[in-house]
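Here is the structure we will look at, set down as C-alpha cells.
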Amino acid sequence: MSVDDYSENPFALSADDTAKLEAIEQALLDPSPRRIGRLDQWGLADTYEVQAEIAEYRELSIAMADGTRIDASLSVPRNLAPGQTCPAIVLPAPLNGLGHRAYLGMFPRWASGGYAVLAYSQRGLAKSTGEIHVAGPQDVADAKEIVDSLIRIDGVDPERIAFFGASYGAGTSLLAAANDPRIKAVAGTSAWGDLFASLYENGTRHLAAFEALVKLFKEDRCSAEFRGVIQKIRGNVIDDEVREFARVRSPKHHLKAFNDAETPILMTTAWHETIFSVPAVVDLFTKLQGPKSLLVQVGDHGNGELPGLVGLVSKPTEMAYRWMDHHLGGTAGDGAQPQFGVRSEYMHNLLSDLQHPDWESYALPKKRFHLADAAVGAADGQLTEDKPQPGWTRSLKATGKDTEAVVAPKLIQTGLAERAGLPHVYKTADIDRGLAAIWTTAPLEQPMRVQGEFELRVTVTPRAMEGTIVAYLMDCDPATGKAAIITHAPYTVTDQEPGQATTVTFPLQPAHYVLNKGRRLQLIIDTHDQFFADANRAPSTVDISSPQGTESYLDIPLHPLS
C-alpha cells in the first residue's frame, strides 16, 4: 500500500449517478416531455412529471451581506391556498463538486410532502463565490441569511424551518441550528461531533483523511485562516490556534444551545467511518437532552445515505423524512413515526436493524482479555480471560512501511464494498511478526457478538522521543489465516526520553460485529498505517510490554449471540 491508494477522490460518484443528476437538473429546469422522457432509463420520468405539477423549481444566486454570491436551488409548492403556509427544509451541500445539486434526487420526496426546499452550496463550493471557511462563523452567518431569504418567500411558514445535510452539510446544519433559533429540527448524515477529535486521535493525526478533504476543498479557494491551519496540521504543529479553529466548528461545543432549545437532532454515522470520529458523535448524542436519534450503519463515510441522495431508498434519508414530518408537519415520509434512540446494523448484515432507547442500553458490558506471551512453540501471543499476564516484551521494527493490517486500503470505497457484502480480506497469517505483534483468543465455542466500546492498555517503549502504534481487532478464520477488521485505533507517545516506558490506555472505535462459532479474535499491533501520521523514527524499534502492576489487557464487549 502507498500514498497513491489515498490519492483518488473517495467521494466521486459513478458515471451513471452523475449522468442521472445532470438529467434530473435539466428536467427540473425544463419539465418538457423531451427532458422528462430522458429520465425513463432510470425509471424516474413519472416522479419528475409529478414534481413539475406540484412544485415550481428554479436555480438562483443569493447575495450575502458582503457581496458573496451563493449558488442555490429552490422548490416551492404550487397552488397554496390564500393564507396557507408550508414547512421548509434547507439543504447545505456536502463536500463535492456538485454542490447543492447533490440533493436533486431528494427534491420530489420533499415536494410531495408539501415542503418548500432551498438547497445551497456553501461559500467557496461549486459555483458559489467567496472563500471556504469549513463550517466556521462566516458559514453560520451565511446560513442565517439563507433563512432570512427563505422566510420572505410567500407561503413559507417561518415557524416550520429545518436543516438537512450530508457530511459537510451535516456539520453546517448542526452549527447553524445551534446559532439560529428559527431552525426547529436538524438531520445530519455522516455527521461530525468534534472536529478536533476527527483530526487528532490519541495524539495521532488522521493525515490521509485530512489530505483527501483538503484536496476536495481546493486550497486556493480556502480562507487565509484555513490555509494556515492546513500548514500547521501538515507540520504537526497542533497549537491553540488549531484547537480553537476546530472548537468553534464542533457541534459538541454548542451543546448548551442545543439543550436549551431542545432542538430535535437526528445523526447518522458508520462503524468504519474514516473521516469523522465515531466516539465523538456518540458522545454528542448521549449528551443531547432534546429529541434525538442516532443511526450507525455498516460501511464508511457517506455510504449509507448515498442511494437516498440520488433518489433511491436509504435508511438515513427515510429516517430524515420521518423526522421532519414529525417535527414540522409535512408528509414526505411513509407515515410512520420517527425512531428515537439508537438504531444500528451489525457487520456485515445490511438487513439487520436493532433498536435501543439510548446508548447506555445499546453498549454491552465489556469482558477483559489479558495479553499473554506466546505458548511454547507458538509465534503469536494469547488473549486469555484467566488472570493478568506480566513479564513479557515484544519488539517491533519501525520501518515506515505498512503491514497487511491497515484501517482501510481505500478511503470510502473499502466501506462501500463492505456494504455490498465484500469486506476487505486481511491475510494476517502473512504478516511479518517482526513488524507486528499478534495476540489471539481460543476458537469461539459458540456464535458471539461484540456490541459497544473497547479499551486497550499496553506499555509502549519507543527508542526515540516519540512513537506511534496502531491496534486492530480482527475476526480471524484459523483454518485460512484470513480475517476481517472489527475495529482499530492509533496511539502516539510524545515528548518522552528515548527508551522510556509509558503505559497507555485508550479506546478503540465502537463496533457491532457478529462472529461465527470457531472463529478467533485477533489483536494486531504494529507501528505504521498510511492512514495516520507516523511519529516513529525509521529505522528503530518500539517495544510492547506488560509490567507487573500495569499488565496489558483488551476489554471487549463480547457476548453470546442471542
Side-chain angles (χ1 to χ4, degrees), residues 3 6-7 9-11 61-72 92-100 102 120-148 165 167-180 191-201 204-254 275-277 280 411 533:
V3 176
Y6 289 146
S7 64
N9 178 0
F11 303 97
S61 177
I62 303 173
M64 298 292 99
D66 66 353
T68 299
R69 308 294 301 192
I70 297 296
D71 185 32
L95 180 55
N96 62 42
L98 293 169
H100 67 85
Y120 73 96
S121 307
Q122 297 90 312
R123 61 172 59 213
L125 287 188
K127 296 181 181 179
S128 291
T129 63
E131 296 179 326
I132 291 170
H133 293 260
V134 198
Q138 180 61 66
D139 296 300
V140 170
D142 289 346
K144 290 181 178 180
E145 291 193 56
I146 293 291
V147 173
D148 291 342
S167 184
Y168 187 46
T172 304
S173 296
L174 285 163
L175 293 162
N179 288 274
D180 191 337
W192 76 78
D194 185 333
L195 193 57
F196 187 76
S198 301
L199 296 170
Y200 199 64
E201 179 186 4
T204 312
R205 288 169 293 152
H206 282 216
L207 205 53
F210 174 73
E211 291 291 0
L213 293 174
V214 169
K215 185 176 181 180
L216 287 172
F217 278 124
K218 298 183 174 62
E219 281 187 63
D220 61 346
R221 299 194 71 174
C222 296
S223 68
E225 179 191 25
F226 184 27
R227 291 197 303 273
V229 167
I230 290 170
Q231 294 309 316
K232 285 191 173 184
I233 292 173
R234 284 174 175 162
N236 197 22
V237 179
I238 310 301
D239 60 9
D240 289 345
E241 180 187 5
V242 173
R243 293 175 184 274
E244 179 63 13
F245 181 89
R247 188 191 69 81
V248 299
R249 292 162 172 81
S250 296
K252 69 170 281 187
H253 293 291
H254 299 270
I275 304 297
F276 299 132
S277 167
L411 296 176

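One is the number of the first residue; the rest follow in order along the sequence.
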Which residues pass the side chain to side chain donor-acceptor pair (under 3.5 Å) test with Asn96, not counting sequence neighbours? none

Spacing of OH belonging to Tyr200 relative to CG belonging to Asp194, to within rounding of 0.5 Å: 13.5 Å

Mind listing the closest non-hydrogen atom pair of Val248 and Pro137 along with its distance? CG2-CD, 4.4 Å

Can you name the residues that form a ring-ring contact (aromatic ring centres under 6.0 Å, His included) with His100, not counting sequence neighbours? none

Would you sort out whether Leu175 and His254 count as a side chain to side chain contact (heavy atoms under 4.5 Å, CB included), showing the intermediate values? CA-CA 8 Å; Leu175 293 162; His254 299 270; 3.5 Å; yes

Backbone of Ile233 reached by a side-chain donor or acceptor of Arg205 within 3.5 Å: yes

Would Ile146 and Ile70 satisfy side chain to side chain contact (heavy atoms under 4.5 Å, CB included), going step by step from the backbone distance to the final call? CA-CA 9 Å; Ile146 293 291; Ile70 297 296; 4.1 Å; yes

Say you draw a straight line from CD1 of Ile275 to CG of Leu411; how long is it, rounded to the nearest 0.5 Å? 5.5 Å

Residues in salt bridge (charged side-chain N to carboxylate O under 4.0 Å, His left out) with Asp139, at least two apart? none

Side-chain heavy atoms of Phe210 within contact of Ile230, under 4.5 Å: yes

Which residues pass the salt bridge (charged side-chain N to carboxylate O under 4.0 Å, His left out) test with Glu225, sequence neighbours left out? Arg249

Under a 4.5 Å cut-off applied to non-hydrogen side-chain atoms, are Phe196 and Ile238 in contact? yes

Excluding sequence neighbours, so at least two apart, what forms side chain to side chain donor-acceptor pair (under 3.5 Å) with Arg221? none

Closest heavy-atom pair and its distance - Gly171, Trp192: CA-CH2, 3.5 Å

Residues in side chain to side chain contact (heavy atoms under 4.5 Å, CB included) with Ala126, at least two apart? Ser121

For residues 214-244, the ring-ring contact (aromatic ring centres under 6.0 Å, His included) pairs (sequence neighbours left out) are Tyr168-Phe217, Phe217-Phe226, Phe226-Phe245

Could I get the full list of side chain to side chain donor-acceptor pair (under 3.5 Å) partners for Thr68, not counting sequence neighbours? Asp66, Arg123

Partners meeting side chain to side chain donor-acceptor pair (under 3.5 Å) with Thr172 (sequence neighbours left out): Gln122

Ser277 meets the side chain to side chain contact (heavy atoms under 4.5 Å, CB included) criterion, sequence neighbours left out, with Ala197, Ser198, Pro279, Ala280

Which atoms form the tightest heavy-atom contact between Ser128 and Asp71, and what is the distance? OG-N, 2.8 Å

Any salt bridge (Lys or Arg N to Asp or Glu O under 4.0 Å) involving residues 125-135? Give me the pairs, sequence neighbours left out, ordered by first then second residue. none

Sort and list the pairs that fulfil salt bridge (Lys or Arg N to Asp or Glu O under 4.0 Å) and have at least one residue in residues 233-248, not counting sequence neighbours. Glu211-Arg234, Glu219-Arg234, Lys232-Asp239, Lys232-Glu241, Glu244-Arg247

Start with the C-alpha gap between Arg69 and Ser61, add the side-chain angles, then the distance that decides, and say whether side-chain hydrogen bond (donor to acceptor under 3.5 Å, both in side chains) holds. CA-CA 6 Å; Arg69 308 294 301 192; Ser61 177; 3.0 Å; yes

Under a 4.5 Å cut-off applied to non-hydrogen side-chain atoms, are Leu125 and Ile132 in contact? yes

Less than 4.0 Å between a side-chain N and a carboxylate O, is that true for Lys144 and Asp180? no

